[in-house]
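Quick notes on the structure that follows.
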Amino acid sequence: MAIMVYNTMTRKKEEFIPREPGKAGIYFCGITPYDFAHIGNARPPVVWDVIRRFLRARGYQVFMVQNITDVDDKIIRRAQQEGRPPLELAADYARIYMEDLAALGVEEADVHPKVSEHIPEIIQMVAGLLEKGHAYTVDGDVYFAVESFPDYGKLSGRSLDEMLAGARVEVDERKKHPMDFALWKAAKPGEPAWESPWGQGRPGWHIECSAMSLKYLGPGFDFHGGGTDLIFPHHENELAQSEAYTGSKPSVRYWLHSGFITTGGDKMSKSLGNIITIRELFKDFPPQVVRFWLLGTHYRNPLNIGRQELEAAERGLERLETAWNNWRHLLTQEAGGGAENGAGRIRELAAESRERFIAAMEDDFNTAAALGVLYELVREVNKWSLAPGFTLNAAAKEGLQEAVAVLEEGGEILGLRFGKAQAAAAGLGDEEIEAMLARREEARREKNFRLADEIREKLKAHGVIIEDTPQGPRWRRG
RNA sequence: GGCGGCAUAGCCAAGUGGUAAGGCAGAGGUCUGCAAAACCUCCAUCCCCAGUUCGAAUCUGGGUGCCGCCUCCA
């Protein structure tokens, strides 16, 4: 089946046809690091991490770029307040952001270019736009002339007339058209500045993404994304710059935008003062849970954050993890004889689940639906493997193995590595645990429940949970 | 004011023409020395109205409500 993606440009789901067969190039807007990142800043990276993992699992060779805008008004202002160099401040917060993402299980992009390290590329692009008549200079500033680009507005679906009608910005008289935007800003005293053909200055807000995406991915790359608030003006301007500069279109084949995280129904933003930083959230919920919660809703839908929602996610994830643990534990047991017990059906179910999981992901990366498939598999396999008449024969182990594989493959694509974290954390070795378990079984046979419970408690203190089943006790780290 | 989106059970959330996935919570039950885990059963006709259709949560029109963008913003 084909991978279908919702393209902001056409406002429709389209079949993904890569620029080059078997390859996928992705660029998405990272952050402007001037403070601790909030949870809203974590959604696009997690979404793109999953898209990347999925494309890879489908056989694509993926190259992903995430930029860091480290030259910016907000950074400069903040740095001045704190009396430190802007680039240093930006580097600090960028580092913290990357740490937050790593905790969320986001793999690093192949490149995360910084504006400050791409000034020559930016200057070259601005110069090119001037040459082609898409830009003009005023007092050391360089502006992009929106009227020189007839397609302006095609991404956000608005015309210049409409924008003017609703404009709430005061008009800069020096600009030829009110919607013209800065490509290059003349330096003000005390600001970071670089030498350019137009004097000392720094890049405008949008040009860096055009220059850097072109450098690392070339024209007409596959995916570009970010939060929906970037559609206008940022991505609209970026598109105009890129296509005006290269003279080729589209500059991007598919534009994907993720929805906002809201608090109490309102967008989370610094200006509303309702932000929750990623770090704050980690104090109450493990990063895995936060990631799982993010994936419980389709990426384009808004997502409201709340204690109840996170707690539900925590329990839900636990259910999957417990199943994974229990099944794997069964696989470590000796297979016995016994008659056919429905293992064939389980193998079929596993194969079907794998297909349905992929189908859900192919449908515009529907992680919520994909998780539903996993839950259904869990219920069926649990029912089967815990039924009173269940015998663990060779066929059963094969079926179980298939089911475990589906869970693990799904987990890998979603970036939820079942069990790994716990396994690393537990201090007791398997042999030790097994030995204690054997002693407990002996105690239970002798009806010495006090000792049995004591051992169970002791293991629990070491993070090992004992559960008795009709087939004998099983344990898991959790 | 302009443009766009959304509205599914107590909460979260899939589902874009064929008779409502899944998770969390809740109630009852099974299993169990206890515990845990798990399983079973129960729990919605999809904001409202009018249409199209044999058939609509899904399409059309109108209404109501909420949200976003138009200004820095993931």
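Throughout, a chain's letter reflects where its sequence line sits, starting with A, and its residues are numbered from 1.
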Distance between [atom1] atoms of [N] and [M] (Å, rounded):
{"N": "B/rG28", "M": "B/rA57", "atom1": "C1'", "answer": "31 Å"}
{"N": "B/rU8", "M": "B/rU58", "atom1": "C1'", "answer": "11 Å"}
{"N": "B/rG65", "M": "B/rC59", "atom1": "P", "answer": "22 Å"}
{"N": "B/rA25", "M": "B/rG10", "atom1": "C1'", "answer": "8 Å"}
{"N": "B/rU64", "M": "B/rC49", "atom1": "P", "answer": "15 Å"}
{"N": "B/rC69", "M": "B/rG51", "atom1": "C1'", "answer": "33 Å"}
{"N": "B/rA9", "M": "B/rG4", "atom1": "P", "answer": "27 Å"}
{"N": "B/rG26", "M": "B/rC43", "atom1": "C1'", "answer": "9 Å"}

Select base, sugar-phosphate, or nothing to describe what [X] touches, counting heavy atoms under 4.0 Å on all strands.
{"X": "A/Ile466", "value": "base"}
{"X": "A/Leu386", "value": "sugar-phosphate"}
{"X": "A/Arg319", "value": "sugar-phosphate"}
{"X": "A/Gly30", "value": "sugar-phosphate"}
{"X": "A/Asn382", "value": "sugar-phosphate"}
{"X": "A/Gly265", "value": "sugar-phosphate"}
{"X": "A/Leu371", "value": "nothing"}
{"X": "A/Phe260", "value": "base"}
{"X": "A/Thr297", "value": "sugar-phosphate"}
{"X": "A/Asn326", "value": "sugar-phosphate"}

In whole angstrom, give the distance that lies between atom [atom1] of [X] and atom [atom2] of [N].
{"X": "A/Leu303", "N": "B/rA7", "atom1": "CG", "atom2": "P", "value": "14 Å"}
{"X": "A/Ile231", "N": "B/rC67", "atom1": "CD1", "atom2": "C1'", "value": "14 Å"}
{"X": "A/Asp72", "N": "B/rU71", "atom1": "CG", "atom2": "C1'", "value": "14 Å"}
{"X": "A/Arg77", "N": "B/rU71", "atom1": "CZ", "atom2": "C1'", "value": "12 Å"}
{"X": "A/Arg456", "N": "B/rA37", "atom1": "CZ", "atom2": "C1'", "value": "12 Å"}
{"X": "A/Leu230", "N": "B/rC70", "atom1": "CG", "atom2": "P", "value": "10 Å"}
{"X": "A/Leu437", "N": "B/rA36", "atom1": "CG", "atom2": "C1'", "value": "14 Å"}

Quick check on the 6.0 Å ring-centre criterion: do [X] and [Y] meet it?
{"X": "A/Phe223", "Y": "A/Phe16", "value": "yes"}
{"X": "A/His257", "Y": "A/His235", "value": "yes"}
{"X": "A/Phe181", "Y": "A/His206", "value": "yes"}
{"X": "A/Tyr216", "Y": "A/Tyr27", "value": "no"}

For A/Trp384 against A/Asn341, the heavy-atom pair lying closest together: NE1-O, 2.8 Å
- prompt: In terms of side-chain geometry, is the basic nitrogen of A/Asp73 or A/Arg77 positioned less than 4.0 Å from the acidic oxygen of its partner?
  reply: no
- prompt: Is A/Arg95 salt-bridged to A/Glu99, cutoff N-O under 4.0 Å?
  reply: yes
Need the pair for [N]. Rule: Watson-Crick or G-U wobble, both distances under 3.5 Å, any strand; none if unpaired.
{"N": "B/rG1", "answer": "B/rC70"}
{"N": "B/rC39", "answer": "B/rG29"}
{"N": "B/rC47", "answer": "B/rG63"}
{"N": "B/rA21", "answer": "none"}
{"N": "B/rC34", "answer": "none"}

task: Give a yes or no on whether a donor-acceptor pair under 3.5 Å exists between the nucleobase atoms of B/rC34, that is its base, and the side chain of A/Asp468.
output: yes
statement: CD of A/Glu236 to OH of A/Tyr152, rounded to nearest 0.5 Å, is 5.5 Å
Ignoring backbone atoms, test whether [X] places a side-chain nitrogen or oxygen under 4.0 Å from the OP1 or OP2 oxygen of [N].
{"X": "A/Lys267", "N": "B/rC69", "answer": "yes"}
{"X": "A/Thr228", "N": "B/rC69", "answer": "no"}
{"X": "A/Asn366", "N": "B/rA14", "answer": "no"}
{"X": "A/Arg440", "N": "B/rA35", "answer": "no"}
{"X": "A/Arg315", "N": "B/rG23", "answer": "no"}
{"X": "A/Lys383", "N": "B/rA38", "answer": "no"}
{"X": "A/Arg379", "N": "B/rG22", "answer": "yes"}
{"X": "A/Asn301", "N": "B/rG5", "answer": "no"}

Among [options], the one nearest [X] by side-chain distance:
{"X": "A/Arg476", "options": "B/rA35, B/rG22, B/rA37", "value": "B/rA37"}
{"X": "A/Arg158", "options": "B/rC69, B/rG4, B/rA38", "value": "B/rC69"}
{"X": "A/Asn41", "options": "B/rC34, B/rA37, B/rA74", "value": "B/rA74"}
{"X": "A/Glu467", "options": "B/rC67, B/rA36, B/rC34", "value": "B/rA36"}
{"X": "A/Thr322", "options": "B/rA37, B/rC34, B/rG22", "value": "B/rA37"}
{"X": "A/Ala368", "options": "B/rG68, B/rA13, B/rC34", "value": "B/rA13"}
{"X": "A/His38", "options": "B/rC11, B/rG33, B/rA74", "value": "B/rA74"}

ring centroid sep under 5.5 Å plus plane angle under 30, A/Phe449 with B/rG33: yes
query: Got A/Glu107 and A/Asp49 here, is their nearest side-chain heavy-atom distance under 4.5 Å?
result: yes
